[in-house]
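Some notes on the structure that comes next.
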Amino acid sequence: MSAVMDTLLDDPTLPEKVEALASRLEDEATRRLRFYDEIRDDQKAEFINGEVIMHSPAKERHLIAKKSLEQLLDAFVRTQSLGIVRGEKALCAFPRNDYEPDVCFFGPEKTATIDADTMKFPVP
């Protein structure tokens, strides 16, 4: 085990710490559900470690690089029938966090789970 885990297991206050952590994770889960209810299509927002992170508009050089990368990856993935490529508005739901990566790739197995109404995408 890791040194951190060993230290925790030796800590006589471990039950209280576990209870506090469980409470925090429960609160985080409630805030995450609220995030899903309140997010709008015109926003670039992510849910990271219990907080909603709003993003400012990107600079032109970032947009050009992102578009070029997305187009190159998409062309390759489509010609090789490897899955799909999506851009920054694909909200990818990780175990604790939700990200909108600039570009992401989903292989065939995950692509099969995505339909026209998908709002929360799997982990790329």
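The heavy-atom pair separating A90 from P101 by the smallest distance is O-CD, 3.6 Å. Nearest heavy atoms, K44 versus D102: NZ-OD1, 4.3 Å. Across all non-hydrogen atoms, the minimal contact from D98 to R32 is OD2-NE, 2.7 Å. Across all their heavy atoms, L82 and P108 have their closest contact at O-CD, 3.0 Å. Considering every non-hydrogen atom in both L63 and A58, the closest pair reads CD2-CB, 3.8 Å. Across all their heavy atoms, A93 and K120 have their closest contact at CB-CB, 4.3 Å.
Under a hydrophobic clustering in which Ile, Leu, Val, Met, Phe, Trp and Tyr are joined whenever their side-chain heavy atoms come within less than 4.5 Å, directly or via other members, L8 and V18 fall into the same cluster. Transitive grouping of hydrophobic side chains (ILVMFWY, heavy atoms separated by less than 4.5 Å) keeps I48 and I39 in distinct clusters.
Scanning for side-chain hydrogen bond (donor to acceptor under 3.5 Å, both in side chains) contacts around E28 gives R96, with sequence neighbours left out. With sequence neighbours excluded, no residue forms a salt bridge (charged side-chain N to carboxylate O under 4.0 Å, His left out) with D41. Remark: T13 pairs with D11, E16, K17 by the side chain to side chain contact (heavy atoms under 4.5 Å, CB included) rule, at least two apart or across chains. Judged as a side chain to side chain contact (heavy atoms under 4.5 Å, CB included), and not counting sequence neighbours, the contacts of D117 are D115.
Taken to the nearest 0.5 Å, the CG atom of L69 stands 13.5 Å off from the NZ atom of K67.
For residues 69-79, the pairs satisfying salt bridge (Lys or Arg N to Asp or Glu O under 4.0 Å) are K66-E70, D74-R78, with sequence neighbours left out. Residue pairs meeting the salt bridge (Lys or Arg N to Asp or Glu O under 4.0 Å) criterion with at least one member in residues 51-65, sequence neighbours excluded, are R31-E51. Applying the ring pair (Phe, Tyr, Trp, His ring centres under 6.0 Å) definition to pairs two or more places apart or across chains, those involving residues 67-116 are F94-Y99, F106-F121. The side chain to side chain donor-acceptor pair (under 3.5 Å) pairs that include a residue from residues 80-91 number zero, where partners must be two or more places apart or lie in different chains. Pairs of residues two or more places apart, or lying in two chains, that qualify as ring pair (Phe, Tyr, Trp, His ring centres under 6.0 Å) and include a residue from residues 17-68 are F35-F47.
Side-chain contact check for P122 versus I114: some heavy-atom pair is nearer than 4.5 Å. For the pair I84 and V77, the minimum side-chain heavy-atom distance is 4.5 Å or more.
For Q71 (side chain) and S68 (main-chain N/O), no donor-acceptor pair under 3.5 Å exists by modelled atom type. Formation of a donor-acceptor pair under 3.5 Å by the S23 side chain with backbone atoms of E19 is not found in this model.
Hydrophobic clustering, defined by side-chain heavy atoms of Ile, Leu, Val, Met, Phe, Trp and Tyr closer than 4.5 Å, groups L21 together with L25.
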*Between R34 and V52, does a side chain to side chain contact (heavy atoms under 4.5 Å, CB included) hold up when you go through it step by step?*
CA-CA 10 Å; R34 188 170 52 244; V52 175; over 6 Å; no

